[in-house]
Amino acid sequence: MSARETCDVVVIGAGAAGMMCAAEAGRRGRRVLLIEHHPVLGEKIRISGGGRCNFTNVNAGPANYLSQNPDFCRSALSRYTPRDFIAQVERHGIRHHEKKLGQLFCDGSAREIVAMLRTECDRAGVGWRMPCAVDAVARAGGVWRVSTPQGAVDAGSLVIATGGLTVPKIGATPFGYRIAEQFGLAVVPPRPALVPLTFHPDALGRYGDLAGVSIDAEVSCGGGRFRENLLFTHRGLSGPAILQISSYWNGRDALTIDLLPGFDAAQWLVQAGHSAALLPNVLGERLPSRFAQQWCAAHDAVTPMRRLPELRLRELAAALHAWNVVPSGTLGYNKAEVTRGGVDTRGLSSKTMAAAAVPGLFFIGEVVDVTGWLGGYNFQWAWSSGHAAGQFA
Ligand SMILES: Cc1cc2nc3c(=O)[nH]c(=O)nc-3n(C[C@H](O)[C@H](O)[C@H](O)COP(=O)(O)OP(=O)(O)OC[C@H]3O[C@@H](n4cnc5c(N)ncnc54)[C@H](O)[C@@H]3O)c2cc1C
């Protein structure tokens, strides 16, 4: 590419959303340039889903996303659905399977998804600058000028697809938020989501050596409720149930953990109430025994069952169904899967992803304040929002 270049669309960020958008715009005959600063393409896709990329969820719908504006994602998700992406995956001969709960993974490697997106961009005639940093973005006379060390590019449309803040070592930057602010768009404060949570020192002293123990639990907080595995770690709690609820945690409130979901603990304990067995041994029939020991010690209940009055057994049963844990924090952006918050959707069109007040400026993917649950929902948002912008940029 020459030092001073003109095209129709510049897309900054060649991740999931950026490549999807560039290919779609290119197919419409638009001259598209993709700018990516990281030297390796699609790193976040490559490491996703344990290397197999959970690329969509067949059940994806607006209820699976968090946003200050929960209806924003509805239009894009309905116009480019999981079926549409699966059809593309199948056209490229990528074998896949459903693991659980509608989550689709590659049979082979996430690299196949990166290669598919690259091929779609190439077929659509997309141009590349990679690796290439962006020095500045300006708008004059209805034209966007993107300045880079490899020269400036002028374009009628500018698409920001630079993602969130997670895993900075593979390219994450706050670039997209800065551009939003530069052009007067509001940004919902970003914070780590789908992230392990940490214990306060007292809980760490009690439960920290349970690292590796997992429990099928129902965890609720801030309007979210998930039944999946909860995993003890050296620092606190993780596992799918905790990652999911972390997106709903406000940094202060307690999580409520039902350790025996769908089971009547009161009836069970009262029936066993005449036994000489210690409560932790009884609980060990349904919960990991090391956890049962620690939990009973914390509740001052390492006691033979027959010494516990029925009222106390009922209290303990209630506590098993509602174990309250206040995390001390999260493991932060290095361990989070996504960033919650981002460019405020109230300034964007849900049909085109364009900024209402800034002609020709689009935001797609994770940089936008739309955050999916764990399980393929975040990639589906990247595909759907990228496709939406690709039809209008
Ligand atoms: C470990 C891990 C596993 C995950 N697994 C899954 C999963 O299995 N399923 C799922 O749905 N989601 C998963 N996610 C989330 C998913 O990867 C993201 O939501 C998705 O990649 C967001 O797509 P995006 O295109 O918006 O951003 P990204 O894919 O992050 O792409 C943004 C791109 O912009 C580039 N960029 C940033 N700043 C600049 C700049 N200043 N100039 C130029 N380029 C820039 C970055 O280098 C990057 O290439 C996972 C995330 C992580 C961290």
Side-chain angles (χ1 to χ4, degrees), residues 10-22 33-57 60 64-65 82 85 96 99 102-106 110 113-114 117-118 128-137 146-150 158-179 192-196 240 243 247 331-340 342-343 353 362-387 389:
V10 167
V11 179
I12 303 180
M19 284 195 277
M20 174 58 95
C21 175
L33 180 69
L34 247 175
I35 300 179
E36 166 61 50
H37 74 152
H38 196 66
V40 187
L41 182 64
E43 275 295 83
K44 204 171 271 181
I45 301 174
R46 184 186 60 78
I47 63 168
S48 69
R52 290 228 162 94
C53 187
N54 178 192
F55 56 78
T56 192
N57 191 299
N64 308 114
Y65 294 85
F85 191 74
H96 56 86
K99 198 163 171 187
Q103 303 167 3
L104 297 193
F105 287 75
C106 298
I113 300 291
V114 181
L117 295 167
R118 174 80 212 213
W128 291 81
R129 282 194 190 178
M130 180 185 154
C132 179
V134 173
D135 295 329
V137 168
V146 179
S147 304
T148 82
Q150 298 170 28
L158 176 65
V159 182
I160 305 298
T162 46
L165 297 173
T166 58
V167 202
K169 68 172 185 271
I170 55 167
T173 70
F175 180 88
Y177 310 136
R178 299 292 95 83
I179 295 293
L194 300 182
V195 62
L243 297 180
S247 301
L331 287 188
Y333 288 116
N334 284 324
K335 298 290 176 194
E337 275 202 14
V338 287
T339 303
R340 220 195 133 169
V343 178
M353 304 291 133
F362 300 74
F363 291 87
I364 55 173
E366 198 180 312
V367 73
V368 177
D369 173 34
V370 173
T371 306
W373 289 359
L374 185 75
Y377 302 98
N378 284 294
F379 277 132
Q380 186 56 45
W381 171 243
W383 317 135
S384 296
S385 59
H387 184 268

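Just follow the structure's listing: the first ligand is 1, and inside any ligand the first atom is 1. Heavy-atom basis, side chains included; hydrogens, waters and symmetry copies ignored.
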Roughly how far, to the nearest 0.5 Å, is the NZ atom of K335 from the OG1 atom of T166? 12.5 Å

Show the nearest heavy-atom pair for residues A17 and G365, with the distance to one decimal. CB-CA, 3.8 Å

Taking all atoms of both residues into account, what is the closest heavy-atom pair of G164 and A172, and its distance? O-CB, 3.4 Å

Closest approach of any protein heavy atom to atom 50 (C) of ligand 1, naming residue and atom: E337 OE1, 3.7 Å

By number and element, which atoms of ligand 1 are closer than 4.0 Å to a non-hydrogen atom of H38? 47 (O)

Protein contact to atom 34 (O) of ligand 1 [nearest heavy atom, distance to 0.1 Å]: G13 CA, 3.3 Å

Taking atom 24 (P) of ligand 1 as the reference point, the nearest protein heavy atom with its distance: A17 N, 4.0 Å

May I ask you to list the atoms of ligand 1 that are less than 4.0 angstrom from any heavy atom of V338? 15 (C), 19 (O)

Counting each atom of ligand 1 from 1 as listed, which ones have a heavy atom of G171 under 4.0 Å away? 36 (N), 37 (C), 38 (N), 46 (C), 47 (O)

One residue to check: F379. Relative to ligand 1, which of side chain, backbone, both or neither has a non-hydrogen atom less than 4.0 Å away? both

Does ligand 1 have a heavy atom under 4.0 Å from the side chain of I12, from its backbone, from both, or from neither? side chain

In Å and rounded to the nearest 0.5 Å, what is the CG to CG distance from L165 to N334? 11.0 Å

When you look at L117 and W383, which way does the side-chain contact (heavy atoms from CB on, under 4.5 Å) test go after all the steps? CA-CA 11 Å; L117 295 167; W383 317 135; 3.8 Å; yes

Please work out, at 4.0 Å between heavy atoms, whether the side chain, the backbone, both, or neither of A161 comes within that distance of ligand 1. backbone

Which one of R178, H37, Q380 has a non-hydrogen atom at the shortest distance from atom 42 (N) of ligand 1? H37

Ligand 1 versus A336, non-hydrogen atoms closer than 4.0 Å: side chain, backbone, both, neither? backbone

Identity and separation of the nearest protein heavy atom to atom 28 (P) of ligand 1: G15 CA, 4.2 Å

How long is the span from the OH atom in Y177 to the CD1 atom in I160, to the nearest 0.5 Å? 12.5 Å

Locate the shortest heavy-atom distance separating V167 from A336; write the atom from each residue and the value. CG2-O, 4.2 Å

Check for me whether G386 has a heavy atom closer than 4.0 Å to any atom of ligand 1. no

Go through the steps for N57 and N64 under the test side-chain contact (heavy atoms from CB on, under 4.5 Å), then give the verdict. CA-CA 10 Å; N57 191 299; N64 308 114; over 6 Å; no

Using 0.5 Å steps for rounding, measure from the CZ atom of R129 to the CD1 atom of I35. 6.0 Å

Which option wins on minimum heavy-atom distance to atom 46 (C) of ligand 1: M130, E36, E43, R46? E36

Atoms of ligand 1 less than 4.0 Å from F175 heavy atoms? 41 (N)

Protein residue, atom and distance nearest to atom 27 (O) of ligand 1, heavy-atom basis: G163 CA, 3.5 Å

Might you work through the ring-ring contact (aromatic ring centres under 6.0 Å, His included) test for Y377 and W381, ending with a clear yes or no? CA-CA 6 Å; Y377 302 98; W381 171 243; over 10 Å; no

Distance from atom 9 (N) of ligand 1 to nearest protein heavy atom, with residue and atom: N54 O, 2.9 Å

Taking only heavy atoms of K44 into account, list the atoms of ligand 1 that are under 4.0 Å away from them. 17 (O), 21 (O), 30 (O)

With a cut-off of 4.0 Å, which atoms of ligand 1 are near a heavy atom of I47? 1 (C)

Select one of side chain, backbone, both or neither to describe which atoms of T162 lie under 4.0 Å from any atom of ligand 1, heavy atoms only. both

P196 versus L243, closest heavy-atom pair with distance: N-CD2, 3.5 Å

CG/L374 to CG/N54 distance, rounded to the nearest 0.5 angstrom? 7.5 Å

Short list, please: which atoms of ligand 1 are under 4.0 Å from a heavy atom of A16? 23 (O), 25 (O), 29 (O)

Under 4.0 Å from a heavy atom of E366: which atoms of ligand 1 are those, numbered in the order shown and with their elements? 18 (C), 19 (O), 20 (C), 22 (C), 26 (O)

Using a 4.0 Å heavy-atom threshold (strictly under), name the region of V167 that reaches ligand 1: side chain, backbone, both or neither. side chain

Heavy-atom closest pair (S385 atom, M353 atom, distance to 0.1 Å) is O-CG, 3.7 Å

Note: Y377, heavy atoms under 4.0 Å from ligand 1, region reported as backbone

With only distance considered, is T166 within less than 3.5 Å of ligand 1 through an N or O on each side? no

shortest atom 6 (C) of ligand 1-to-protein heavy-atom contact is with S48 CB, 3.6 Å

From C21 SG over to I364 CD1, what is the distance, rounded to the nearest 0.5 angstrom? 4.0 Å

Within residues 36-57 or reaching into it, pairs that qualify as salt bridge (Lys or Arg N to Asp or Glu O under 4.0 Å) - sequence neighbours excluded: E43-R46

Does an N or O from G365, backbone or side chain, lie closer than 3.5 Å to an N or O of ligand 1? no

Do you know which two heavy atoms are closest between T148 and D135, and how far apart they sit? C-OD2, 3.5 Å

Protein contact to atom 38 (N) of ligand 1 [nearest heavy atom, distance to 0.1 Å]: T173 OG1, 2.6 Å

